Amino acid sequence: VQLQASGGGLVQAGDSLRLSCAASGLTFNNYGMNWFRQAPGKEREFVAAINRRDDSTYYADPVKGRFTISRDDTKNTVHLQMNSLKPEDTAVYYCSARLWTYSVYEGAQQYWGKGTLVTVSS
């Protein structure tokens with residue numbers, strides 16, 4: 001199984017970025033997909049998740065109203081649209097997969113991608 005995250009970069013506060021995570025080696029529509037992030041010197045934290053089948057979503061409070069998670073089961077891809085970025089959003093962003101449903105818990109994930117760095121300057 002491979003999860004390949006992409007789309008990170010250096011942006012200014014208020015800008016937007018769209019992250020993508022391409023999955024291979026798994027039956028994608030059996031998995032809830034999740035995004036986590038890890039800021040410098042901090043623990044990894046949950047960001048957003050999308051369920052399989054009904055595409056229900058869940059967001060961490062700091063990103064509600066600014067980030068949108070979506071999935072394309074025809075392309076085995078999950079996206080994270082990030083708007084109104086803030087310096088505190090600076091982190092390495094990881095996508096993860098959990099069988100049957102999403103989870104906000106790091107330990108509940110089955111598979112992880114390698115991450116993509118997002119840097120937001122003030």
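Quantities reported herein were computed from a predicted structural model and do not represent experimental measurements.
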Roughly how far apart are Asp73 CG and Tyr31 OH, rounded to 0.5 Å? 13.0 Å
So which heavy atom on Leu26 is nearest to which on Ala97, and how close? CD1-CB, 4.2 Å
Look at the rings of Phe46 and Phe36 and say which category their plane angle falls in: under 30° parallel, 30 to 60° tilted, over 60° perpendicular. perpendicular
Given the rule in the side-chain contact (heavy atoms from CB on, under 4.5 Å) test, do Glu106 and Glu43 qualify, once you have shown the distances and angles that lead to the verdict? CA-CA 10 Å; Glu106 188 176 350; Glu43 294 186 350; over 6 Å; no
Identify the two heavy atoms, one from Cys95 and one from Ala5, that lie closest to each other, and give their separation to 0.1 Å. SG-CB, 4.4 Å
Surrounding OH of Tyr59 (heavy atoms of other residues, nucleotides or ligands, distance under 6.0 Å), is the total greater than 12? yes
Rounded to the nearest 0.5 angstrom, the CH2-CG distance for Trp100 and Asn51 is 12.0 Å
dist Arg71:CZ -> Thr77:OG1 (nearest 0.5 Å) comes out at 10.0 Å
Report yes if the side chains of Arg37 and Asp89 come closer than 4.5 Å at any heavy-atom pair, otherwise no. yes
Please step through side-chain contact (heavy atoms from CB on, under 4.5 Å) for the pair Lys114 and Gln4, ending with a clear verdict. CA-CA 7 Å; Lys114 287 188 178 180; Gln4 183 64 51; 5.7 Å; no
Could you check if a side-chain atom of Arg52 sits within less than 4.5 angstrom of a side-chain atom of Asn30, using non-hydrogen atoms only? yes
Looking at Glu88 and Ala39, would you say the former's side chain and the latter's main chain have a donor-acceptor pair under 3.5 Å? no
Rounded to the nearest 0.5 Å, the CG atom of Leu17 sits from the CG atom of Leu80 at a distance of 9.5 Å
So OG of Ser16 and CZ of Phe67: to nearest 0.5 Å the spacing works out to 9.5 Å
Checking side-chain contact (heavy atoms from CB on, under 4.5 Å) for the pair Cys21/Trp35: CA distance, chi angles, key distance, verdict? CA-CA 9 Å; Cys21 175; Trp35 286 96; 3.7 Å; yes
Compare every heavy atom of Val1 with every heavy atom of Gly25, then report the nearest pair and how far apart it is. O-CG2, 3.4 Å
On a heavy-atom basis, the closest approach of Gly7 and Thr116 is N-OG1, 4.0 Å
Are more than 12 heavy atoms, taken from residues, nucleotides or ligands other than Gln110, located less than 6.0 Å from that residue's CD atom? yes
Any idea which heavy atoms bring Gln109 and Ser96 closest together, and the distance? OE1-OG, 2.9 Å
Classify the ring geometry between Tyr94 and Trp112 as parallel (under 30°), tilted (30 to 60°) or perpendicular (over 60°). perpendicular
Check for a donor-acceptor pair, side chain of Asp15 on one end and backbone N or O of Leu85 on the other, with a separation under 3.5 Å. no
Before you tell me yes or no, could you show the steps for Leu3 and Met33 under side-chain contact (heavy atoms from CB on, under 4.5 Å), namely the whole-Å CA-CA distance, both residues' side-chain angles and the distance that decides it to 0.1 Å? CA-CA 10 Å; Leu3 301 177; Met33 299 301 296; 4.2 Å; yes
Could you pull out the closest heavy-atom pair between Gln38 and Lys42, with the gap in Å? NE2-O, 3.0 Å
